[in-house]
2 protein chains.
Amino acid sequence: MEKRVTLRDVAKRLGVSTGTVSRALQDHPALNPITKARVLQMANSLGYRPNLAARFLSSRRRLVIGVNTPRDPAFFYDQVRKGIDQESAPFQMTGVEVQHRMFPRVGVGEEEAFESALDAKVDGLIVVPGGSRSLKSCIRRASQMKIPVVCLISDVTAARKLVSVSVDASASGALAAELMGRFLVGKGQVAVTSGDLTVSDHRGKCTAFERTIRAQFPAMELFPPIENHDSECEAYEKTLRLIDSHPDIDAVYISTGNGLPVLQALEERNLFGKITVLSTDLYPELIEKIQEGAVAGSMYQRPATQARIAFRLLYEFLYEGACPPARVTLAPLLVMRGNLNCFHGEDPR
Amino acid sequence: MEKRVTLRDVAKRLGVSTGTVSRALQDHPALNPITKARVLQMANSLGYRPNLAARFLSSRRRLVIGVNTPRDPAFFYDQVRKGIDQESAPFQMTGVEVQHRMFPRVGVGEEEAFESALDAKVDGLIVVPGGSRSLKSCIRRASQMKIPVVCLISDVTAARKLVSVSVDASASGALAAELMGRFLVGKGQVAVTSGDLTVSDHRGKCTAFERTIRAQFPAMELFPPIENHDSECEAYEKTLRLIDSHPDIDAVYISTGNGLPVLQALEERNLFGKITVLSTDLYPELIEKIQEGAVAGSMYQRPATQARIAFRLLYEFLYEGACPPARVTLAPLLVMRGNLNCFHGEDPR
DNA sequence: TTGAAAGCGATACCAA
DNA sequence: TTGGTATCGCTTTCAA
């Protein structure tokens with residue numbers, strides 16, 4: 001039952017005022033460096049920990065965390081936002097304010113949202129980055145302003161962000177491959193659809209899938225990955241072309257979240273039930289297909305969980321100065337018919 | 001930028017003191033019901049929300065949360081404790097104190113730990129309950145003392161707990177069945193090992209496994225489940241007897257976390273690589289077997305995540321009066337070779 | 001049963 | 001550069 005060390009205790013021990021201690025603790029410019037050092041050392045040796053509630057109460061200032069997310073697909077990004085809101089709720093008590101900014105789609109309007117957040121003087125920023133070139137310079141500017149940026153869902157390579165949180169692409173692809181190999185008992189023809197192989201996340205899944213198939217199921221035949229470039233049209237057309245030119249195909253691995261046009265093409269040719277389909281992520285149409293048994297399973301990204309982690313890391317950095325690792329990746333969660341109803345269309349963690 | 005409604009605002013509007021409003025808000029016994037009603041209504045209509053920081057600051061009460069867990073198997077319960085510690089860390093700053101109490105094993109010494117926690121006047125209690133009869137009466141006494149109890153990992157049915165957090169046993173069994181059925185292409189002989197079918201968690205997995213196999217893979221042959229009753233000896237012996245009497249067996253589903261003796265028996269008879277094995281949970285020896293390809297996969301309970309959720313629900317109940325649902329179940333996470341290295345022996349969420 | 005007022009632990013302003 | 005002190009919103013005695 002030790003009583004907590006307060007700022008007063010530190011002040012008393014040094015014979016200074018609480019104001020001085022407070023200033024020392026928060027790098028106030030007008031303060032003798034020697035005094036500051038003495039205070040810091042004493043605070044440290046007494047094991048002083050600030051009372052965040054008191055700090056929040058007295059300082060009018062709140063900690064503003066900006067969260068920039070695409071509006072659509074809403075089914076996915078609503079979960080991201082919900083994850084942030086749930087994780088941040090208890091921290092409102094210590095003065096955290098979450099400011100959501102939405103932009104139309106991944107990569108569309110993200111710079112404007114970013115600028116808007118910087119203008120609003122957020123203390124930290126969580127963003128779902130798209131491919132736009134200029135985002136990297138946005139992040140650079142934020143870093144110059146000492147505003148930490150957390151990348152969520154996907155990453156901006158080589159940008160000066162605090163941390164990026166995403167699913168382990170490699171594990172996602174490898175798991176899909178392992179399942180596929182076992183489902184097909186190590187033989188058959190498999191196709192892979194992807195988005196854009198220049199995107200590291202997409203490439204990671206394809207590469208891991210291919211590597212795993214070749215290593216563990218060398219008898220299987222693997223077609224070169226189809227790239228959809230996020231175009232529904234392209235996805236649909238290319239899938240049709242693929243299955244028409246390979247009537248003996250046994251399986252398809254849809255390695256990105258927007259596989260709906262692929263599913264439609266497969267349905268069009270009446271292939272459900274005949275071939276084995278593994279997919280990525282979860283959305284209403286896919287849930288239906290899993291329920292019906294048309295799609296064997298899907299590698300779920302757990303958007304809400306990713307968002308929770310992102311918020312938590314940023315909070316801990318801002319409030320406690322805890323530096324996160326450069327990257328945080330989380331395990332994909334296999335969803336099949338058996339565990340589908342754990343997710344009532346939502347990510348419950 | 002609307003200013004928040006404070007307790008003072010409510011008091012002023014009614015011409016009463018802040019003390020009265022405060023008392024009304026927290027069900028203080030000595031207060032005229034009429035006054036209380038007036039206050040509550042006014043607070044409501046003004047949209048008053050308490051400032052939790054101020055509340056915590058003025059009531060110098062610390063919130064003590066007791067966490068009672070088995071010491072062994074340490075590999076599993078260390079993760080539970082770590083999950084609690086990580087989730088609670090940011091809340092220590094706002095007055096939450098976590099008190100860990102350990103007892104030797106599930107069901108051994110749990111009452112003593114429970115009593116000790118009650119004696120220490122914890123404000124809330126998270127317990128990993130075992131089968132002991134008397135635990136239910138412990139929980140009843142806690143509920144009389146208005147101390148909320150959260151059951152973690154497994155449940156105590158019909159006890160007056162606040163909430164129980166565990167994995168979705170049904171989903172775990174069904175997922176295993178679905179994988180098994182697909183791996184064996186819908187035919188073959190499958191055995192199931194379990195702990196004790198009177199334990200609802202164990203029964204849930206077996207039942208779901210059986211139901212799913214029968215529904216989706218009717219051509220498969222399913223042996224009656226083997227019960228080990230948590231005895232290594234029994235598990236080992238019974239497994240040997242099983243495989244010796246059924247030399248054509250194709251697969252084994254180990255539906256509980258302590259499957260090591262079963263694995264040893266399978267190894268003894270040199271069956272790895274010949275039969276398909278699905279397991280439950282994750283421990284060093286099992287990780288090794290998955291790595292080698294001897295075990296196809298395992299349904300991971302995510303102990304640390306469960307613990308995080310348990311803490312969070314209790315915290316929100318104590319601090320904000322948020323009532324959780326009666327049960328929280330989470331989806332099992334399939335671990336195979338492909339995503340094994342996302343878990344460096346730990347539950348990263 | 002209610003009101004008045006003293007803190008809770010920090011910040012920030014005004015003097016010195 | 002530092003000290004003293006009002007203040008943040010609420011809980012909780014102590015009186016009335």
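In this text, all values refer to a predicted model and were calculated from it rather than measured experimentally.
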J.: Would you call A:Arg49-A:Glu320 a salt bridge at under 4.0 Å N-O?
T.: no
J.: Centroid-to-centroid, A:Tyr319 to A:Phe56, below 6.0 Å?
T.: no
J.: Report, one pair per line, the protein and nucleotides 9-11 of chain D atoms (nitrogen or oxygen only) whose separation is under 3.5 Å.
T.:
unit_1 : atom_1 : unit_2  : atom_2 : d
D:dG9  : N2     : B:Ala54 : O      : 3.2
D:dC10 : OP1    : B:Tyr48 : OH     : 2.5
D:dC10 : OP1    : B:Asn51 : N      : 3.2
D:dC10 : OP2    : B:Leu7  : N      : 2.4
D:dC10 : O2     : B:Ser58 : OG     : 3.1
D:dT11 : OP1    : B:Gln26 : NE2    : 3.3
D:dT11 : OP1    : B:Arg55 : NE     : 2.7
D:dT11 : OP1    : B:Arg55 : NH2    : 3.4
D:dT11 : OP2    : B:Ser22 : OG     : 2.6
D:dT11 : O4'    : B:Ser58 : OG     : 2.4

J.: Could you go step by step and tell me if A:Asn68 and A:Glu110 meet the side chain to side chain contact (heavy atoms under 4.5 Å, CB included) rule?
T.: CA-CA 8 Å; A:Asn68 290 6; A:Glu110 56 181 1; over 6 Å; no
J.: Sequence neighbours left out, what passes salt bridge (Lys or Arg N to Asp or Glu O under 4.0 Å) with A:Lys82? Give chain and number order.
T.: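 Once residues adjacent in sequence are excluded, the partners of A:Lys82 under the salt bridge (Lys or Arg N to Asp or Glu O under 4.0 Å) criterion are A:Glu346.
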J.: Among A:Arg81, A:His100, A:Arg101, which residue meets the side chain to side chain donor-acceptor pair (under 3.5 Å) test with A:Thr69?
T.: A:Arg81
J.: List the atom of A:Pro70, the atom of A:Tyr77, and the distance in Å for their closest heavy-atom pair.
T.: O-CB, 3.2 Å
J.: How would you list, by chain and number, every residue that makes a ring pair (Phe, Tyr, Trp, His ring centres under 6.0 Å) with A:Phe114, sequence neighbours excluded?
T.: none
J.: Distance-only criterion, 3.5 Å: show the donor-acceptor pairs between side-chain atoms of residues 141-152 of chain A and protein atoms not counting sequence neighbours.
T.:
unit_1   : atom_1 : unit_2   : atom_2 : d
A:Arg141 : NH2    : A:Glu115 : OE1    : 2.9
A:Arg141 : NH2    : A:Glu115 : OE2    : 2.1
A:Ser143 : OG     : A:Arg140 : O      : 3.3

J.: Heavy atoms within less than 4.0 Å of DNA chain C: which residues of residues 10-17 of chain A have one? Give them sorted by number.
T.: none
J.: Given the rule in the side chain to side chain contact (heavy atoms under 4.5 Å, CB included) test, do A:Asp155 and A:Ser166 qualify, once you have shown the distances and angles that lead to the verdict?
T.: CA-CA 7 Å; A:Asp155 194 8; A:Ser166 59; 5.5 Å; no
J.: Should we count CD of B:Glu112 as having more than 12 external heavy atoms under 6.0 Å?
T.: yes
J.: Reading DNA chain C from 5' to 3', where do the contacts with chain A start and stop? Cut-off is 4.0 Å to heavy atoms.
T.: C:dG9 to C:dC13
